[in-house]
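The chain is numbered in sequence order, starting from 1.
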Amino acid sequence: MTASRDPLYFTSAAPPGASPRALARPRPRLSPAEHIVLAQRFSARNGAPGKQDGDAPPPHGYRLGRRTRMTVDVYTFDDTAHRVTVSARTVGGEWTVRTDQGQREASIRVPAGGRAGVNFTILAGSSVPRRIDRRLAFRAMADDHAEAPATVALIHRG
């Protein structure tokens, strides 16, 4: 297998050690939302220094400036394409998250077994304290109106 820089997600038909009896039972079909995975992607310059081994002191999140661009990648592991609406949950304080068009959410088409990205800009207000981690979460709504699992990352004003 050749691996790329993109995240790899492995799936299996059954959990390890599952009994043959458990495998014989019909499994319910997953909804389109259960086939969707979100991943936040920041520039390497936003990575906090010294955090490679996990032993560094706080803050632990991505180090952002007053204006930071990033992407939310939307993967679908379904055999059909889906329209997915991606939006940021409120960060709190004076943080603002908007799409490149200035909207709170964006609707995109994700090809079957593929990936599509939504660009966002994160703005830190002048009173946002430095070096305090906050949770940045994005959610996605599939075309059947079911919500996919959210993606959460820590961020702070550097």
Side-chain angles (χ1 to χ4, degrees), residues 1-11 30-158:
M1 171 171 54
T2 303
S4 69
R5 290 186 192 195
D6 293 330
L8 298 175
Y9 297 97
F10 293 95
T11 60
L30 297 176
S31 73
E34 292 172 312
H35 284 91
I36 294 171
V37 174
L38 303 176
Q40 296 182 36
R41 185 166 37 97
F42 289 86
S43 171
R45 72 177 169 268
N46 297 121
K51 305 295 184 194
Q52 299 87 332
D53 61 10
D55 292 337
H60 298 290
Y62 289 101
R63 184 181 45 194
L64 308 186
R66 289 190 41 105
R67 179 184 177 93
T68 304
R69 291 179 47 88
M70 56 85 65
T71 301
V72 176
D73 288 323
V74 182
Y75 295 83
T76 181
F77 296 94
D78 204 353
D79 55 1
T80 59
H82 292 286
R83 177 137 308 270
V84 177
T85 302
V86 180
S87 61
R89 292 187 177 158
T90 303
V91 177
E94 282 194 36
W95 292 95
T96 305
V97 183
R98 296 283 188 258
T99 66
D100 285 351
Q101 292 76 32
Q103 305 298 314
R104 293 178 187 244
E105 64 183 32
S107 183
I108 59 168
R109 182 186 175 280
V110 184
R115 171 184 80 178
V118 179
N119 295 321
F120 285 90
T121 299
I122 303 167
L123 301 169
S126 59
S127 67
V128 169
R130 294 181 182 271
R131 301 182 50 81
I132 304 292
D133 281 329
R134 299 296 296 245
R135 290 181 182 272
L136 174 62
F138 288 89
R139 66 186 187 124
M141 188 81 62
D143 44 13
D144 69 347
H145 302 290
E147 192 167 332
T151 176
V152 180
L154 293 175
I155 60 170
H156 67 271
R157 174 84 199 280

Enquirer: For L64 and W95, what are the C-alpha separation, side-chain angles and deciding distance, and is it a side chain to side chain contact (heavy atoms under 4.5 Å, CB included)?
Expert: CA-CA 11 Å; L64 308 186; W95 292 95; 4.0 Å; yes
Enquirer: Would you check if the side chain of T71 reaches a backbone N or O of D73 as a donor-acceptor pair within less than 3.5 Å?
Expert: no
Enquirer: Check V86, D143, V84 against V110 for a side-chain contact (heavy atoms from CB on, under 4.5 Å) and give me the one that passes.
Expert: V84
Enquirer: So how far is it from R134 CZ to H156 NE2, rounded to the nearest 0.5 Å?
Expert: 13.5 Å
Enquirer: Using side-chain heavy atoms (C-beta onward) and a distance below 4.5 Å, is S126 in contact with R66?
Expert: yes
Enquirer: Could you state the interatomic distance from NE2 (H35) to NE2 (H82), rounded to the nearest 0.5 Å?
Expert: 7.0 Å
Enquirer: Considering all heavy atoms of both residues, which atom of D78 and which atom of P32 are nearest to each other, and what is their separation?
Expert: OD2-CA, 4.2 Å
Enquirer: Is atom CZ of R135 surrounded by more than 12 heavy atoms (other residues, nucleotides or ligands) closer than 6.0 Å?
Expert: no
Enquirer: Measure the CZ-CZ distance between F120 and R41 for me, rounded to the nearest 0.5 Å.
Expert: 12.5 Å
Enquirer: Using 0.5 Å steps for rounding, measure from the CD1 atom of I122 to the CZ atom of R67.
Expert: 11.5 Å
Enquirer: Testing the basics here: between I36 and P149, what is the closest heavy-atom pair and its distance to 0.1 Å?
Expert: O-CD, 4.0 Å
Enquirer: What pair of heavy atoms forms the shortest contact from V118 to A106, and how long is it?
Expert: CG1-CB, 3.6 Å
Enquirer: Which residue pairs pass the salt bridge (charged side-chain N to carboxylate O under 4.0 Å, His left out) test when at least one of the two sits in residues 147-156, sequence neighbours left out?
Expert: R89-E147, R139-E147
Enquirer: Between N46 (side chain) and R63 (backbone), is there a donor-acceptor pair under 3.5 Å?
Expert: yes
Enquirer: Quick check: closest heavy atoms across H60 and D133, and the distance to 0.1 Å?
Expert: N-OD2, 2.7 Å
Enquirer: Let me confirm one number: the CZ-CG distance from F42 to L136, rounded to the nearest 0.5 Å.
Expert: 5.0 Å
Enquirer: Distance from R69 atom CZ to D100 atom CG, nearest 0.5 Å?
Expert: 4.0 Å
Enquirer: Kindly give the heavy-atom pair with the smallest separation between R157 and G65, and that separation in Å.
Expert: NE-C, 3.8 Å
Enquirer: Of all residues at least two apart in sequence or in a different chain, which pass the salt bridge (Lys or Arg N to Asp or Glu O under 4.0 Å) check with R104?
Expert: none
Enquirer: Check R109 against A116 and note the closest heavy-atom contact, atom names and distance.
Expert: O-CB, 3.8 Å
Enquirer: Indicate whether the side chain of E94 and that of S127 have a donor and an acceptor atom separated by less than 3.5 Å.
Expert: yes
Enquirer: Would you say the side chain of F138 lies within less than 4.5 Å of the side chain of V97, judging by non-hydrogen atoms?
Expert: yes
